[in-house]
Undergrad: 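Before anything else, here's the structure in question.
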Amino acid sequence: MKAPRGTRDILPPDSCLWNKVEGKIREKYRIYNYQEIKTPIFEETELFVRGVGGTTDIVEKEMYTFQDKGGRSITLRPEGTAPVVRAYIEHKLYGKSQPLKLYYFGPMFRYERPQAWRYRQHYQTGVEVMGGDSPFIDAEVILLGIEILKEFNLQNWVLHLNSIGCSQCRADYKNELIEFLKDKPLCRDCESRLERNPLRVLDCKEGNCQKLLEGVPLVTDHICQECGDHFRKVQEILSVCGLDFRLDPFLVRGLDYYTRTAFEVKTKDLGAQDTIFGGGRYDGLSEEIGGPRAPGMGFGLGMERLLLAMKQEGQERGIKSYLDAYVVAVGDKQLLQGWNTLREVRKAGFSADMDLMGRSLKSQMKGANRSGARYALIIGEEEAEEGFLQVRDMSSGEQDKVQKEDLVKYLAWGKEEQGK
RNA sequence: GUGGGUGUAGCUCAGGUGGUUAGAGCGCAGGAUUGUGGCUCCUGAGGCCGUGGGUUCAAGUCCCAUCACUCACCCCA
């Protein structure tokens, strides 16, 4: 038996790294005053069809959809925004003080061909700010995401920024775009894009299409007055924050609900999957799925990609777990004493372990070494009889005789020293 | 869904043109005058050679299929 295609197990010590990274991100959210929302891992299929958009790749070919025993069409969530907005409407959260600032962590599911750091079950964290369309919100969301990258000392990233306008001005732009492209010899993919989602033609990588795009009308030149003002304001605030960004008029996002601000943070560390996190504004989504008018703004950040970028830049190393002590007991009688010492040390709050296999002293010392423990607590016949332990500092090799009753104090002192 | 590459020990990989008991390094277990880890040395365990079929006297090696992994496209986290 194997894990299904496109899924994988996260084993120690990776799992430990994941938890630490998640903890640090949570702390950032706390500082920015975002609160957690947990939504179901599956939803009614209709939510994504209407929210994400019926002609998007996600809905057309990437959803894990099935019928439950009651005959309902259920879909494993492919993204985090639509469920949050659904919950916002369902629980009338627009009645709370706005804007409402939420975050989430959890697995997302997309049925697609696995590739480097692209999984059928992958993990995202993200934020959604509901009930406000101030450009300051856009800036805060982007800034918060960047703060997370900085928290992990990542360097090789670039913020791409664009505005795709509101539903009104984008519709006008679309027509103009179609007009410009319709008689050009585009590639096969773009032919169909032109019908389904003309904006997508803009980021085609085909060399020929790239050439044909010369002189193409740009969204940013065609958005309405309000959208333009909004976009300029967002840029202004980001600049004030000292944040560099690259205006990218070809940046188009693949989900239908986006309006106005769209952004992606890309890195060279990831190969073809170069987006660590991305998002934008979605002022029409709430109404689209049957709620009141409620503008929103958010991002989704790929945990796997964050972790990979950290590995590429060597930033995952500082994050390690330590064991305070490893008990080494030699001889049958001493084994039980060692066991009791282990319990005592753990009770005092120190992380500790011992060899439970009754191995030789030498083997136990190897175990202590491998465990990465700061101290080995050695109990032999003499120690057991006289009521003390040999406390060996595993990095220096220095060894102290410590009376049993002083052990906890000694360990506490050692930990304090280490902290300095 | 489309195209390329790869599947041999826990991991990284060797195994010309088919030929008898499938190897190395690392890791793991034990040991090197019976109380001390890391370095060194010795010994050992561990392999339906991804799976199924075919060609052949004979297949890890050749052919087909299939699955998985991987890279790219599409699209995204």
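Naming convention: chains lettered A, B, ... in sequence-line order (proteins, then strands); numbering from 1 in each chain. All values reported here derive from a predicted model rather than from experimental measurement. The figures here come from the full heavy-atom set of this structure, side chains too, leaving out hydrogens, waters and symmetry mates.
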Undergrad: Using the P atom as the point on both nucleotides, what is the distance between B/rG31 and B/rG19, in whole Å?
TA: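 About 41 Å, rounded to a whole number of Å.
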Undergrad: Rounding to the closest angstrom, what is the interatomic distance between B/rG3 and B/rC74 at atom C1'?
TA: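 It comes out at 12 Å once rounded to the nearest Å.
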Undergrad: Between the base of B/rU70 and the side chain of A/Q115, is there a donor and acceptor pair under 3.5 angstrom?
TA: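 Flag unset: no donor-acceptor pair detected.
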Undergrad: Could you measure between the two P atoms, the one in B/rU21 and the one in B/rC26, and give it in whole Å?
TA: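 Result for the P pair: 28 Å, nearest Å.
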Undergrad: Could you check whether A/R120 makes a cation-pi contact with A/Y111, meaning its NZ or CZ is under 6.0 Å from the centre of the six-membered ring and within 45° of the ring axis?
TA: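 So A/R120 does make the cation-pi contact.
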Undergrad: By the 4.0 Å heavy-atom rule, please label A/Y119 as base, sugar-phosphate, or nothing.
TA: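 It contacts base atoms.
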Undergrad: Would you kindly give the CD1-to-P distance between A/I379 and B/rU36, to the nearest whole Å?
TA: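 Those two atoms, CD1 and P, are 17 Å apart.
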Undergrad: So A/Q399, base contact, sugar-phosphate only, or nothing? Heavy-atom distance under 4.0 Å.
TA: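 Counting heavy atoms under 4.0 Å across all strands, the contact made by A/Q399 includes a base.
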Undergrad: Any donor-acceptor pair under 3.5 Å linking the side chain of A/S396 with the backbone of A/E398?
TA: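 Yes, the answer is positive, given that a donor and an acceptor are paired below the 3.5 Å cut-off.
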Undergrad: Using modelled atom types and a 3.5 Å cut-off, is there a donor and acceptor pairing between side-chain atoms of A/D248 and backbone atoms of A/L161?
TA: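 No, the answer is negative, given that no donor and acceptor are paired below the 3.5 Å cut-off.
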Undergrad: Validate the cation-pi geometry between A/R8 and A/Y119: distance from NZ or CZ to the six-membered ring centre under 6.0 Å, angle to the ring axis within 45°.
TA: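 Judged by the rule (NZ or CZ under 6.0 Å from the ring centre, within 45° of its axis), A/R8 counts as positioned above A/Y119.
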Undergrad: Hey, could you give me the OG1/CZ distance between A/T261 and A/R253, rounded to the nearest 0.5 Å?
TA: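 Here the rounded value is 12.0 Å.
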Undergrad: Can you tell me how far C1' in B/rC48 sits from the matching atom in B/rA59, rounded to whole Å?
TA: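 Pairwise C1' distance, B/rC48 against B/rA59, rounds to 15 Å.
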Undergrad: Under the 3.5 Å rule, do the base of B/rG37 and the side chain of A/R392 count as making a donor-acceptor pair?
TA: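 Between B/rG37 and A/R392, which were checked side chain against base, a qualifying N/O pair under 3.5 Å is present.
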Undergrad: Classify A/S395 by what it touches in the nucleic acid, base, sugar-phosphate, or nothing, heavy-atom distance under 4.0 Å.
TA: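 Base contact - A/S395 has a heavy atom under 4.0 Å of at least one base atom.
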Undergrad: For A/Q124, enumerate each residue passing the side-chain contact (heavy atoms from CB on, under 4.5 Å) test, keeping only those at least two apart in sequence or located in another chain.
TA: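 A/Q124 satisfies side-chain contact (heavy atoms from CB on, under 4.5 Å) with A/Y104, A/M108, A/R110, A/H122 only.
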Undergrad: Which part of the nucleic acid does A/L306 contact within heavy-atom distance under 4.0 Å: base, sugar-phosphate only, or nothing?
TA: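 Since no nucleic acid heavy atom lies under 4.0 Å of A/L306, the category is nothing.
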Undergrad: Checking the side chain of A/T75 only, and the main-chain atoms of A/M63 only, is there a donor and an acceptor separated by less than 3.5 Å?
TA: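 It does not hold such a pair.
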Undergrad: When Watson-Crick pairs (N1 to N3 and N6-O4 or O6-N4) and G-U wobble pairs (N1-O2 and O6-N3) count only below 3.5 Å on both distances, what is the dot-bracket string of RNA chain B, with | for other-strand pairs?
TA: (((((((..((((.....[...)))).(((((.......))))).....(((((..]....))))))))))))....
Undergrad: What integer number of Å spans the C1' atoms of B/rG46 and B/rG35?
TA: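 Pairwise C1' distance, B/rG46 against B/rG35, rounds to 32 Å.
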Undergrad: Considering heavy-atom distances to RNA chain B, does A/E382 or A/G278 have its closest nucleotide positioned more toward the 5' end?
TA: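 On the 5' side of the pair lies A/E382.
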Undergrad: Between B/rU34 atom P and A/K362 atom NZ, what is the distance in whole Å?
TA: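 Answer to the nearest Å: 9 Å.
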Undergrad: What does A/G6 touch in the nucleic acid at a heavy-atom separation under 4.0 angstrom: a base, only the sugar-phosphate, or nothing?
TA: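 Answer is sugar-phosphate: A/G6 comes under 4.0 Å of backbone atoms only.
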Undergrad: Grab the NZ-C1' distance between A/K366 and B/rG38 for me, whole Å please.
TA: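 Atom NZ in A/K366 sits about 10 Å away from atom C1' in B/rG38.
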Undergrad: A/E398 CD to B/rG38 C1': how many Å, rounded?
TA: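 Going from CD in A/E398 over to C1' in B/rG38 covers 16 Å.
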Undergrad: Among B/rG37, B/rG35, B/rA77, which nucleotide sits nearest the side chain of A/R305?
TA: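 Minimum distance to the A/R305 side chain belongs to B/rA77.
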Undergrad: Calculate, to the nearest 0.5 Å, the distance between atoms CG and CD belonging to A/L154 and A/Q312 respectively.
TA: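 A/L154 atom CG to A/Q312 atom CD measures 11.0 Å (nearest 0.5 Å).
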Undergrad: Can you tell me, in whole Å, how much space there is between the P of B/rG4 and that of B/rA65?
TA: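 Roughly 12 Å separates the two P atoms.
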Undergrad: Which of these nucleotides, B/rA77, B/rU36, B/rG37, is closest to any side-chain atom of A/N369?
TA: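 Nearest to the side-chain atoms of A/N369, counting from C-beta on, is B/rG37.
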Undergrad: Tell me the interatomic distance from A/D355, atom CG, to B/rG37, atom P, rounded to whole angstroms.
TA: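 About 15 Å, once rounded to whole Å.
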Undergrad: Would you classify A/R113 as touching base, sugar-phosphate or nothing, given that sugar-phosphate means primed atoms plus P, OP1 and OP2, and contacts are heavy atoms under 4.0 Å?
TA: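 Touches a base.
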Undergrad: Taking the six-membered ring where the residue is Trp, are the ring centres of A/Y34 and A/Y103 under 6.0 Å apart?
TA: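 Not under 6.0 Å, so no.
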Undergrad: What's A/R370 touching, base or sugar-phosphate or nothing? Going by heavy atoms closer than 4.0 Å.
TA: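 Contact class for A/R370: sugar-phosphate only.
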Undergrad: Would you mind classifying the nucleic acid contact of A/E383 as base, sugar-phosphate or nothing, using non-hydrogen atoms under 4.0 angstrom?
TA: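 Contact class for A/E383: base.
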Undergrad: With a 3.5 Å cut-off and just heavy-atom distances, do the side chain of A/Q334 and the base of B/rG35 make a donor-acceptor pair?
TA: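 In this structure, the two groups form no donor-acceptor pair.
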Undergrad: Looking at B/rC75, B/rA77, B/rG31, which one has an atom nearest to any side-chain atom of A/E62?
TA: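 So the nucleotide nearest the side chain must be B/rC75.
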Undergrad: Ring centroids only, cut at 6.0 angstrom: are A/Y410 and A/Y375 within range, meaning strictly under it?
TA: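 Yes, the ring of A/Y410 comes within the 6.0 Å limit of the ring of A/Y375, centre to centre.
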Undergrad: Tell me which of A/S396 and A/D57 sits closer to the 5' end of RNA chain B, going by the nucleotide each one is nearest to.
TA: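 Looking at the nearest nucleotide for each, A/S396 comes out on the 5' side.
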Undergrad: What is the distance, to the nearest angstrom, from the CD1 atom on A/I58 to the P atom on B/rA77?
TA: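 From A/I58 CD1 to B/rA77 P: 6 Å.
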Undergrad: Does A/E112 make a side-chain donor-acceptor contact with the base of B/rA77, cut-off 3.5 Å?
TA: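 When only heavy-atom distances are counted, A/E112 does reach the base of B/rA77 through a donor-acceptor pair under 3.5 Å.
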Undergrad: To the nearest Å, how far apart are A/L361 CG and B/rG37 P?
TA: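 Result: 8 Å.
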Undergrad: Atom CZ of A/R359 and atom C1' of B/rG30: how far apart are they, to the nearest Å?
TA: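 It works out to 10 Å between those atoms.
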Undergrad: Given the C1' atoms of B/rA9 and B/rG44, what is the spacing between them in whole Å?
TA: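 To the nearest whole Å, 14 Å.
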Undergrad: Decide yes or no, distance alone: a donor-acceptor N/O pair under 3.5 angstrom between the base of B/rC67 and the side-chain of A/R5.
TA: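 Such a pair does not exist between side chain and base.
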Undergrad: Counting only side-chain N and O atoms of A/S360, is one of them less than 4.0 Å from OP1 or OP2 of B/rG31?
TA: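 Yes, such a contact exists.
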Undergrad: On the nucleotide B/rG30, are OP1 or OP2 found under 4.0 Å from the side-chain N or O atoms that A/S363 carries?
TA: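 For B/rG30, OP1/OP2 do have a side-chain N/O of A/S363 under 4.0 Å.
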Undergrad: Between B/rC71 and B/rC13, how far apart are the P atoms? Round to whole Å, please.
TA: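 My reading of the P atoms in B/rC13 and B/rC71 gives 13 Å.
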